[in-house]
Amino acid sequence: MTSKELNLLVKSLQNGNMTVFDSIYHETKGIVYYTILNILKDKSLSEDIMQDCYLKALEKIHSFKPTFSFKSWIVVIARNLALNEFNRRKRELSYDVNEDEYIFGTVESSSEKELMMKQMIEFLNPDEREIVILHVVGDLKHREIAKIVSKPLGTVTWIYNQAIKKLRNEYGE
């Protein structure tokens with residue numbers, strides 16, 4: 001689905017047509033989930049925050065301007081909610097930074113896509129991971145990603161290219 005088509009669905013949602021929500025959710029759920037998972041490293045908590053993200057998006061849907069990409073807009077909401085939760089938990093919990101189970105989780109993934117994502121999460125640094133997820137899973141342009149992560153466009157492009165080179169060297173073409 002193109003960005004324009006998605007924005008038309010959002011416009012319909014803004015006008016009170018709740019039947020289009022399923023289509024919007026289906027189109028954006030992957031990027032929202034992996035954005036949150038990238039920050040929290042916890043599948044169950046990520047799913048909870050993902051629900052909160054869509055509730056907040058529905059609550060604030062009238063503030064969305066169709067001149068922007070809806071995917072970028074909802075990713076910013078997801079990212080902010082995940083960072084807030086991460087910071088809240090960081091204050092509450094003391095943990096060992098070297099403890100792999102906390103960082104990467106202990107649950108083995110059964111789906112091939114999740115397994116590949118887990119390998120990528122383990123191999124890339126946090127900046128690379130976030131940019132690759134936003135671009136590959138979220139299908140966002142580097143310009144949109146630069147705004148989301150508050151980095152210059154050139155830096156985002158460079159980090160993305162370096163991450164892809166690292167992945168190719170590690171896992172092949």
Side-chain angles (χ1 to χ4, degrees), residues 10 21-22 24-64 68-142 144-152 155-156 158-160 162-164 166-167 170-171:
V10 172
F21 178 77
D22 286 345
I24 293 170
Y25 174 80
H26 180 72
E27 188 64 28
T28 59
K29 68 181 179 183
I31 184 63
V32 168
Y33 176 74
Y34 285 114
T35 296
I36 296 167
L37 183 63
N38 181 41
I39 294 167
L40 298 178
K41 315 294 189 267
D42 180 318
K43 289 180 181 186
S44 178
L45 181 58
S46 295
E47 290 169 0
D48 291 343
I49 298 299
M50 184 175 167
Q51 289 178 359
D52 292 345
C53 174
Y54 282 100
L55 289 173
K56 185 147 196 112
L58 281 173
E59 179 184 311
K60 303 287 183 185
I61 195 70
H62 294 293
S63 69
F64 173 72
F68 299 106
S69 161
F70 181 76
K71 279 186 181 179
S72 294
W73 185 78
I74 200 160
V75 162
V76 168
I77 293 172
R79 188 171 188 262
N80 289 340
L81 288 172
L83 288 171
N84 289 344
E85 182 65 21
F86 178 82
N87 289 331
R88 186 182 70 73
R89 286 179 175 263
K90 189 166 67 172
R91 284 189 305 270
E92 290 178 0
L93 300 172
S94 64
Y95 59 88
D96 181 2
V97 175
N98 296 321
E99 189 176 286
D100 287 346
E101 290 152 356
Y102 177 78
I103 296 172
F104 300 118
T106 56
V107 180
E108 289 293 321
S109 170
S110 59
S111 97
E112 187 176 320
K113 186 175 183 178
E114 285 184 15
L115 184 60
M116 287 182 357
M117 290 301 295
K118 182 174 177 171
Q119 287 176 335
M120 186 175 78
I121 284 171
E122 291 172 351
F123 187 69
L124 298 176
N125 73 42
D127 283 342
E128 293 168 337
R129 193 170 40 236
E130 182 174 30
I131 289 168
V132 169
I133 287 172
L134 290 171
H135 185 68
V136 174
V137 178
D139 198 30
L140 297 177
K141 295 181 171 114
H142 291 292
E144 294 170 312
I145 296 169
K147 289 178 186 173
I148 291 169
V149 299
S150 302
K151 293 188 187 302
T155 302
V156 168
W158 184 82
I159 291 172
Y160 176 78
Q162 290 301 109
I164 296 302
K166 279 173 76 173
L167 290 171
E170 185 67 19
Y171 300 109

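- Taking the six-membered ring for Trp, Trp73 and Phe68 have ring centres at least 6.0 Å apart.
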(Q) Does Ile61 form a side-chain contact (heavy atoms from CB on, under 4.5 Å) with Phe70? I'd like the steps, not just the answer. (A) CA-CA 10 Å; Ile61 195 70; Phe70 181 76; 3.9 Å; yes
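- Residues Ala163 and Val132 approach most closely at CB-CG2, 3.6 Å, considering heavy atoms.
- Judged purely by atom type and a 3.5 angstrom limit, Glu128 uses its side chain to pair as donor or acceptor with the backbone of Asn125.
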Q: Could you walk me through whether Glu85 and Ile36 pass the side-chain contact (heavy atoms from CB on, under 4.5 Å) test, one step at a time?
A: CA-CA 10 Å; Glu85 182 65 21; Ile36 296 167; over 6 Å; no
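- Here the shortest heavy-atom pairing between Asn38 and Pro126 reads ND2-O, 4.3 Å.
- With a 6.0 Å radius and a threshold of 12 heavy atoms from other residues, nucleotides or ligands, Lys166 has its NZ atom above the threshold.
- Using a 4.5 Å heavy-atom threshold, the side chains of Ile159 and Lys151 count as touching.
- A parallel orientation is assigned to the rings of His142 and His135, their planes being inclined by less than 30° (bins at 30° and 60°).
- Using a 4.0 Å cut-off between charged side-chain N and carboxylate O, Lys141 and Glu144 make no salt bridge.
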Q.
Run the side-chain contact (heavy atoms from CB on, under 4.5 Å) test on Tyr25 and Met50 for me, step by step, so that the C-alpha distance in whole Å, both residues' side-chain angles and the decisive distance to 0.1 Å come before the verdict.
A. CA-CA 11 Å; Tyr25 174 80; Met50 184 175 167; 3.4 Å; yes
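- The shortest heavy-atom contact between Ile31 and Leu134 is CD1-CA, 3.5 Å.
- Rounded to the nearest 0.5 angstrom, Leu83 CG and Ile39 CD1 are separated by 4.0 Å.
- Nearest heavy-atom pair across Pro152 and Ala146 is C-CB, 4.2 Å.
- A distance of 7.5 Å separates OG1 of Thr35 from CD1 of Ile148, quoted to the nearest 0.5 Å.
- Tested against Cys53 for a side chain to side chain contact (heavy atoms under 4.5 Å, CB included), the candidates Ile77, Leu58, Thr28 yield a single pass: Ile77.
- Between Val76 and Arg79, every side-chain heavy-atom pair lies at or beyond the 4.5 Å cut-off.
- Pairing each heavy atom of Leu140 with each of Ser72, the nearest pair is CD2-OG, 3.8 Å.
- You'll find the side chain of Val32 reaches within 4.5 Å of the side chain of Tyr54, heavy atoms only.
- Closest approach of Ser46 to Leu40, counting heavy atoms only: OG-CB, 4.1 Å.
- Here the OG atom belonging to Ser44 is positioned 10.0 Å from the CD1 atom belonging to Ile49, to the nearest 0.5 angstrom.
- For the atom pair Phe86 CZ and Leu45 CG, the distance stands at 11.0 Å (nearest 0.5 Å).
- With contacts defined as side-chain heavy-atom distances shorter than 4.5 Å, the pair Tyr160/Thr155 does not qualify.
- A salt bridge is absent between Lys43 and Glu47; no separation between the charged side-chain nitrogens and carboxylate oxygens falls under 4.0 Å.
- Inter-residue side-chain proximity for Ile145 and Val75 is flagged as unmet; no heavy-atom pair is nearer than 4.5 Å.
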